[in-house]
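Heads up: the structure comes next, in structure tokens.
Bear in mind the structure is a predicted one, so any value in this text is a computation, not a measurement. Below, each value reflects all heavy atoms present in this structure, side chains not excepted, and no hydrogens, waters or symmetry copies.
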Amino acid sequence: MKYPITLSLAALLLSACSGGNGAAEQTTETTEENGAARPEAGEAEIALSPEQIRIAGIELVQALRGGGGALTLPATIEGDPQGLQIVSAAIGGRVVSLTRNLGQPVRRGDVLAVVESREAAALNAEIEAAQARLALAQSTLGREQRLFDQKVSPEQDLIAARTAATEARIALRLARQQVAAAGGGGGALNRIAIRAPLSGQVVGRSVTLGQTVVADAELFRVADLSRVAVTLALTPADAGRVSPGQAMEIVSGDRRAAARVDFVSPVLDAATRLATVIALIDNRSGQWRVGEPVTASIRLATGNAGDDAVLVPQGAVQTVEGRPTVFVRTARGFRPTPVTLGAPSGGDVVVTSGLRGDEQLAGANSFTLKAELGKGEAEHGH
């Protein structure tokens with residue numbers, strides 16, 4: 001049998017808020033007279049205003065349809081593999097200019113460094129030589145075309161001139177591609193510019209001004225951190241319950257982010273015998289750092305879509321008269337609701353019956369409502 005609950009908690013809160021000037025007693029008496037806060041007969045309810053809830057420190061949490069619960073385990077923030085590139089020197093030489101430092105933003109194509117070397121001079125000189133050869137070949141082709149039209153020169157001379165012009169164009173294109181592969185022009189014949197391959201920010205720099213570097217030496221690391229990855233290691237049994245697209249929550253201190261599973265490795269790590277799971281997070285706000293340890297919670301699905309259980313924080317569950325009970329938020333306060341619990345899941349617990357899954361509940365400090373409930377039943381018994 002349920003009993004109406006007294007308003008002693010509300011009166012206590014109002015008294016604390018008013019400094020004991022009697023306003024709380026007047027509010028309680030007025031409420032009892034007009035019946036606005038009194039529960040209906042046969043219902044147990046604790047009437048509290050939003051302000052009283054705030055003063056009592058009662059946190060409001062949401063019940064969710066969480067399927068079969070959740071897997072909660074440590075994880076690590078990593079850079080998106082497709083958003084990290086190493087910038088190296090395609091040719092050896094001396095670094096004569098550095099335009100970016102650690103942490104600075106870059107756009108694709110921006111010059112990061114300039115390398116001066118004999119090889120750079122040879123590559124740039126080849127472009128000029130190829131341009132000169134092409135100009136000569138085109139001039140010869142034009143002359144041979146006029147002579148052929150005047151029936152002075154044989155057709156084979158015209159064909160040879162066309163071939164020479166085509167070969168000169170190919171040579172020039174090749175010379176330009178070689179310079180582009182090395183980084184492009186650096187402002188002088190003996191210099192090559194090293195450019196950013198993508199937009200992002202500089203997260204690594206392993207070169208100093210004046211240093212002599214060899215070909216393929218790493219100079220910078222550029223990362224696009226607008227999206228980062230979360231990497232987890234799951235046992236084969238747990239990995240079998242996870243699939244791409246499942247919702248995940250990332251938590252570190254008071255920071256939270258929603259993500260979705262992007263990849264579940266079909267191969268176990270040879271050393272740990274665990275399966276790697278990767279999720280991607282929108283990090284345009286820059287709140288997550290690569291290498292940071294976090295806690296990840298993956299919501300699991302049950303076998304049947306219609307049998308989804310409800311997931312609530314464990315702190316929202318109190319034991320009342322020997323039964324697990326949650327306090328459901330109502331228009332006037334909270335209503336104690338007995339529930340049937342399933343297995344715990346990290347910081348949550350599965351509720352198999354008693355809730356629909358869309359209720360708002362009392363979370364932290366819900367024990368104060370349990371104490372008030374016991375006090376109301378005791379007073380009713382007297």
Side-chain angles (χ1 to χ4, degrees), residues 1-10 12-13 37-48 50 52-73 238 241 247 249 251 256 295-381:
M1 179 177 180
K2 299 180 181 179
Y3 299 98
I5 304 304
T6 65
L7 299 180
S8 58
L9 177 59
L12 177 62
L13 291 170
R38 297 186 66 86
E40 298 178 5
E43 291 186 357
E45 188 175 33
I46 301 173
L48 291 177
Q52 292 167 340
I53 294 172
R54 184 189 66 79
I55 295 172
I58 299 172
E59 178 185 355
L60 297 178
V61 297
Q62 189 69 40
L64 298 173
R65 283 206 167 275
L71 287 174
T72 302
L73 62 163
D238 286 339
R241 305 166 66 192
E249 184 180 43
V251 180
R256 295 176 179 269
T295 300
S297 180
I298 307 174
R299 298 207 178 277
L300 303 175
T302 56
N304 299 318
D307 296 336
D308 283 353
V310 176
L311 209 60
V312 302
Q314 292 192 21
V317 181
Q318 301 292 333
T319 301
V320 177
E321 296 183 351
R323 293 195 61 184
T325 301
V326 297
F327 292 88
V328 178
R329 182 77 165 99
T330 65
R332 296 182 298 181
F334 293 93
R335 181 182 67 253
T337 303
V339 294
T340 302
L341 300 181
S345 180
D348 298 329
V349 64
V350 176
V351 174
T352 57
S353 66
L355 295 176
R356 297 186 308 273
D358 57 354
E359 295 91 345
Q360 195 175 37
L361 313 173
N365 291 329
S366 61
F367 62 86
T368 59
L369 299 176
K370 173 184 175 181
E372 180 65 12
L373 181 64
K375 182 187 296 186
E377 291 177 346
E379 291 178 358
H380 187 275

Fill in: Partner residues of S353 under the side chain to side chain contact (heavy atoms under 4.5 Å, CB included) criterion, sequence neighbours left out
T340

Practice prompt. Start with the C-alpha distance between L73 and T295, add both sets of side-chain angles, then the distance that settles side-chain contact (heavy atoms from CB on, under 4.5 Å), and finish with yes or no.
Written response: CA-CA 6 Å; L73 62 163; T295 300; over 6 Å; no

Worksheet item: If we ignore angles and hydrogens, is there a donor and acceptor under 3.5 Å between the side chains of Q318 and T325?
Response: no

Discussion item. Tell me if a side-chain donor or acceptor on K370 pairs with a main-chain N or O of T319 at a distance below 3.5 Å.
Written reply: yes

Just how far is it from atom [atom1] of [X] to atom [atom2] of [Y], taken to the nearest 0.5 Å?
| X | Y | atom1 | atom2 | result |
| --- | --- | --- | --- | --- |
| L361 | T337 | CG | OG1 | 8.0 Å |
| D238 | I298 | CG | CD1 | 8.5 Å |
| N365 | F327 | CG | CZ | 12.5 Å |

Heavy-atom distance under 4.5 Å between the side chains of [X] and [Y], does that happen here?
| X | Y | value |
| --- | --- | --- |
| L48 | L369 | yes |
| T330 | E45 | yes |
| V328 | L355 | yes |

Discussion item. Tell me every residue that passes salt bridge (charged side-chain N to carboxylate O under 4.0 Å, His left out) with R323, counting only those two or more places apart in sequence or in another chain.
Written reply: none

I need the minimum non-hydrogen distance between [X] and [Y], along with the two atoms involved.
| X | Y | answer |
| --- | --- | --- |
| A362 | V61 | C-CG2, 4.3 Å |
| L341 | V351 | CD2-CG2, 3.9 Å |
| A63 | V310 | CB-CG1, 3.9 Å |

Practice prompt. Give the C-alpha distance, both sets of side-chain angles, the deciding distance and a yes or no for side-chain contact (heavy atoms from CB on, under 4.5 Å) between L60 and R329.
Written response: CA-CA 8 Å; L60 297 178; R329 182 77 165 99; 4.1 Å; yes

